[in-house]
Amino acid sequence: MASAGVLSRYRVFLDLPAHTQVVTLLEGDTPLIPVPRLGAELGGCDLYVKFEGLNPTGSFKDRGMTAAISEAYGRGAKAVICASTGNTAASAAAYAARCGLRAIVLIPEGKVATGKLAGAVAYGAEVIQIQGSFDDALSLVVAISEKHPIALVNSLNPYRLEGQKSAAFEICDSLGRAPAWLCLPVGNAGNITAYWMGFRQYHQHLGTGLPRLLGVQATGAAPLVLGYPVEHPETVATAIRIGRPARGEQALQAAEESNGRILAVEDEAILSMQHRLAQEGIWVEPASAAGLAGLESALHAREIEVRGQQVVAVCTGHGLKDPDSITRRMPAPRLLPAELAPLEEAIIQP
Ligand code: F0G
């Protein structure tokens, strides 16, 4: 297997067993895109988008998956399993395919965006829909992986977090230090946990400083804000439609240690921020806009002050993952005969 990608780039910082055999799609090294216009609107901050939708399968999950699959493959596992709202499924399927492992993915019935389901199927995973939520699916994969020799590759798997730390390293490498704030969506809470581990570790070794973390949930799926599990989570941001986050405690601790916070935003605010990001040329799936929607909400409530400070928003998944979130809100494009006159009439202002 090739030896580039986040594992080889950051190997000294990643706690992986000796038997790990690198399985990579050259994930990571995603752009940190300055968005000055939006930054001016959002409290006058120096704003950057870490566009994780540009990973090989279209989401940040590839960073953790290269680690989890490399470990499983290296120890001779023959099959991997995960529960997923879609992105983890597609990523697990791709990396498993890459090294010939069987991939089984459990998804909540009818709630997975088209691009994610299509990805999992395209990469050859065995896809099973569960008559229940993501949380139900996660309980099932944990139980079956304890009973049978099938490697669990959800973020309960510690190697997933090791790989996902690499995004924090990249941000510090690009900016020369940690930003003042890092905003990101929170679902099962693995990513915010991994970012905090990564920032702390880099700071210990290189003195890069620590950001304050702003973790954002959708109001219909906000167990960490409410303080109790949500039995029937609902949100347009299906990626974070999670009621019992596996790493919820660690997420709360990370927010607290960083002097940050976890808050919730309405679906309308998420969709509106998705639209504003697209106006900057960055099309993300709904969940990925939650971080910035949360920043706006906190600024509005005068809970934080970011003027002149560096803020990084993690945009976790590409817009192509969930095209329906756009098309179902739009009228179909207008249809004209293939003639000049009606075209002129349609687009040229008098
Ligand atoms: N953004 C996107 C696009 C996601 O797919 C997810 C999680 C998150 C944010 C939240 O990350 O769970 O680490 O807090 N998706 C998982 C999945 C649950 O199955 O693909 P988290």
Side-chain angles (χ1 to χ4, degrees), residues 30 50-55 57-65 68 81-94 105-108 111-113 115-117 119-120 125 127 130 133-138 141 152-157 160-161 163-165 167 182-198 213-218 221-224 233 235-252 254-255 262 270 274 277 283-294 313-322 325:
T30 54
K50 181 69 171 161
F51 195 11
E52 290 289 277
L54 295 182
N55 275 298
T57 77
S59 86
F60 74 97
K61 302 290 181 180
D62 296 343
R63 293 179 184 278
M65 206 52 75
I81 194 164
C82 66
S84 181
T85 56
N87 282 325
T88 300
S91 187
V105 306
L106 269 63
I107 59 174
K111 295 289 182 184
V112 168
K116 305 177 188 182
L117 181 55
V127 181
I130 295 297
S133 64
F134 166 85
D135 306 286
D136 299 325
L138 185 60
V141 296
L152 180 69
V153 295
N154 278 103
S155 60
L156 285 165
N157 177 325
R160 280 278 310 278
L161 301 193
Q164 283 174 213
K165 291 189 311 193
L182 184 90
C183 325
L184 77 172
V186 175
N188 210 27
N191 208 28
I192 189 170
T193 302
Y195 266 101
W196 188 235
M197 289 165 63
L213 301 181
L214 188 71
V216 186
Q217 303 201 289
L224 299 181
T235 168
V236 67
T238 51
I240 52 171
R241 186 176 165 273
I242 293 176
R244 264 178 280 140
R247 293 199 181 262
E249 284 307 315
Q250 282 164 282
L252 290 168
I262 294 186
I270 291 175
Q274 181 192 32
L277 279 163
W283 182 30
V284 304
E285 66 168 286
S288 299
L292 278 176
V314 183
C315 286
T316 45
H318 202 285
L320 286 166
K321 289 280 192 170
D322 190 0
S325 72

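Counting convention: from 1, in listed order, for ligands and their atoms alike.
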Side chain or backbone, does [X] bring an N or O within less than 3.5 Å of an N or O on ligand 1?
{"X": "Gln164", "value": "no"}
{"X": "Thr316", "value": "yes"}
{"X": "Gly187", "value": "yes"}
{"X": "Glu285", "value": "no"}
{"X": "Gly190", "value": "yes"}
{"X": "Lys116", "value": "no"}

For ligand 1, indicate whether the residue [X] contacts it via side chain, backbone, both or neither (heavy-atom separation under 4.0 Å).
{"X": "Lys321", "result": "neither"}
{"X": "Ala189", "result": "backbone"}
{"X": "Ile240", "result": "side chain"}

>> To the closest 0.5 Å, what do you measure between SG (Cys82) and CG (Leu156)?
In response: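 Separation between the atoms: 11.5 Å.
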>> Closer than 4.0 Å to some heavy atom of Asn188 - which atoms of ligand 1 meet that?
In response: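 Per the distance check, 12 (O), 14 (O), 21 (P).
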> Going by heavy atoms, is Ser155 under 4.0 Å from ligand 1?
Replying inline: no
> Does at least one non-hydrogen atom of Ile242 fall below 4.0 angstrom from an atom of ligand 1?
Replying inline: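 It does, in that a heavy atom of Ile242 comes within the 4.0 Å cut-off of ligand 1.
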>> Can you report which non-hydrogen protein atom sits closest to atom 17 (C) of ligand 1, along with the distance?
In response: Thr88 OG1, 3.0 Å
